[in-house]
Amino acid sequence: GVLALLVAPLAWASKALTTISLGSCDAGDYGAGARVLQEFARTDRGGFLGLTEVVRVQSVDNFFDYWTRLNHFVPAALIALNGTILDCAPYELTGLMTMVLLAGSVPVVFWMARAVLGYRGRVSLAIAALYGISPITWYGVAHTAMGQLLAAQAIALLTWAGIALWRGRYEGRRALSFAGVLTLGYALVLGSYNFILLVCLAPAVAYAGGLAIWSGAWRRLGQWALLMVAPLVLSGAVFWERVAGLAERLALFQQYDFGWKIPLL
């Protein structure tokens with residue numbers, strides 16, 4: 001239902017698949033990345049010729065490494081994969097894929113309301129429906145915020161797993177059942193919007209840390225932190241280029257003006 005509501009204005013306005021945006025550069029970014037992943041080989045070094053403003057920070061010198069290392073990789077890869085299968089150009093799928101990502105996050109919101117907040121089915125369904133038709137989330141879709149929508153799902157998965165681990169006191173083999181969810185969550189963050197890695201555990205840490213401070217369960221908090229961080233190490237090893245790119249970008253904030261005047265970064 002949410003997806004149908006999102007697609008309806010686009011289907012009404014255009015006779016063919018296309019992408020619309022309120023003005024964010026993300027639509028062009030994702031479309032460009034999808035074209036690179038579809039049309040360039042990983043060994044192709046022929047990008048950025050003459051674009052000195054791109055290579056002056058000495059991060060990358062070609063298109064492919066730029067997308068795998070620095071920019072939003074997973075959204076562009078999703079567009080490229082679906083475009084290849086469906087024989088569609090990136091500009092035809094970028095907006096639609098953003099709508100699909102919002103619709104795909106609705107079940108995650110329902111699960112959070114049920115499993116974390118403890119609401120009953122109807123209340124959880126109402127919360128998920130409000131999220132699906134919220135002007136805030138629709139504003140994100142209108143700005144083609146694919147990376148942010150993916151990161152939102154990842155944060156929900158990480159938060160649920162962290163709270164469930166603390167509540168259930170899972171140890172040994174039982175804790176491994178959460179490893180897949182945590183690894184997937186971290187991978188989505190690193191692959192889509194790796195800056196959010198800095199804050200993705202804030203809800204889970206606030207929950208577990210607050211209860212640990214209240215009850216003095218410091219040993220339990222240490223075990224919990226170990227279980228939470230181990231999958232991050234695994235995801236970081238698989239997405240090592242993204243981790244290195246994040247560290248490099250944060251260091252470059254001190255040397256170059258990227259338009260983000262955030263002193264703490």
Side-chain angles (χ1 to χ4, degrees), residues 3 6-7 9-11 13-42 44-57 59-105 136-154 188-196 241-242 245-246 248-249 252-253 256-262:
L3 184 58
L6 287 167
V7 172
L10 184 65
S14 176
K15 295 181 179 179
L17 285 172
T18 188
T19 294
I20 58 175
S21 174
L22 288 181
S24 170
C25 66
D26 282 349
D29 273 351
Y30 298 139
R35 284 202 62 182
V36 168
L37 297 177
Q38 283 181 311
E39 301 175 15
F40 283 69
R42 186 180 182 87
D44 194 332
R45 308 287 96 176
F48 299 142
L49 295 178
L51 301 179
T52 55
E53 66 274 17
V54 177
V55 298
R56 67 188 178 95
V57 298
S59 295
V60 293
D61 60 1
N62 62 89
F63 285 133
F64 207 102
D65 284 355
Y66 175 70
W67 286 101
T68 56
R69 181 180 177 90
L70 295 179
N71 218 322
H72 311 311
F73 168 69
V74 170
L78 286 173
I79 298 170
L81 175 64
N82 284 274
T84 301
I85 295 173
L86 301 174
D87 193 23
C88 291
Y91 76 88
E92 294 179 301
L93 295 184
T94 301
L96 185 60
M97 281 296 302
T98 309
M99 299 174 184
V100 170
L101 290 179
L102 174 57
S105 66
I136 298 175
T137 54
W138 280 41
Y139 184 74
V141 170
H143 277 286
T144 325
M146 293 181 66
Q148 292 88 334
L149 288 171
L150 276 169
Q153 295 189 47
L188 284 176
V189 170
L190 288 172
S192 60
Y193 210 78
N194 54 358
F195 287 108
I196 298 181
E241 291 187 3
R242 305 289 298 177
L246 173 60
E248 183 178 15
R249 180 63 67 89
L252 288 171
F253 276 138
Y256 300 95
D257 181 13
F258 289 94
W260 292 16
K261 298 183 182 299
I262 306 175

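The model shown is predicted, which means the values in this text are computed figures rather than measured ones. Residue numbers count from 1 along this sequence.
The stretch residues 15-38 participates, sequence neighbours left out, in these ring pair (Phe, Tyr, Trp, His ring centres under 6.0 Å) pairs: Tyr30-His72.
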Stepwise side-chain contact (heavy atoms from CB on, under 4.5 Å) check, Trp138 with Leu6 = CA-CA 8 Å; Trp138 280 41; Leu6 287 167; 3.4 Å; yes

Show the numbers, then the answer: is there a salt bridge (charged side-chain N to carboxylate O under 4.0 Å, His left out) between Glu241 and Arg42?
-> CA-CA 14 Å; Glu241 291 187 3; Arg42 186 180 182 87; 2.7 Å; yes

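In this structure Ala145 satisfies the side chain to side chain contact (heavy atoms under 4.5 Å, CB included) test together with Gln148, sequence neighbours excluded. Residues passing the side chain to side chain contact (heavy atoms under 4.5 Å, CB included) test with Ser105 are Leu102, Tyr131, Gln153, sequence neighbours excluded. Remark: Val100 engages Leu3 in a side chain to side chain contact (heavy atoms under 4.5 Å, CB included) (not counting sequence neighbours).
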Could you pull out every donor-acceptor pair under 3.5 Å between side chains of residues 19-29 and any protein atom, sequence neighbours left out?
from	atom 1	to	atom 2	distance (Å)
Thr19	OG1	Tyr91	O	2.6
Thr19	OG1	Gly95	N	2.9
Ser21	OG	Gly23	N	3.2
Ser21	OG	Ser24	N	3.3
Ser24	OG	Asp26	N	3.1
Ser24	OG	His143	O	3.4

Throw together a table of side-chain donor-acceptor distances under 3.5 angstrom for residues 75-87, partners on residues two or more places apart or in other chains.
from	atom 1	to	atom 2	distance (Å)
Asn82	ND2	Leu78	O	2.8
Thr84	OG1	Gln38	NE2	3.2
Thr84	OG1	Ala80	O	2.7

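A distance of 10.0 Å separates OG1 in Thr98 from CG in Leu93, rounded to the nearest 0.5 Å. The structure places CG of Leu150 at 4.5 Å from CG of Leu101, a figure rounded to the nearest 0.5 Å. Here the CE-OG1 distance, from Met99 to Thr137, works out to 12.0 Å after rounding to the nearest 0.5 Å. Note that CG of Leu37 is 8.0 Å distant from OG1 of Thr68, once rounded to the nearest 0.5 Å. How far CZ of Phe63 is from CZ of Phe40: 5.5 Å, rounded to the nearest 0.5 Å. A distance of 11.0 Å separates OG1 in Thr18 from CG in Leu96, rounded to the nearest 0.5 Å.
Minimum interatomic distance between Ala151 and Ile196 (heavy atoms only, all atoms of both residues): CB-CD1, 3.3 Å.
Heavy-atom contacts from other residues, nucleotides or ligands closer than 6.0 Å to CZ of Arg69 number more than 12.
Thr144 is listed as a side-chain neighbour of Thr94, based on a closest heavy-atom distance under 4.5 Å. Annotation: side chain of Asn194 is not in contact with side chain of Leu70 (no heavy-atom distance under 4.5 Å).
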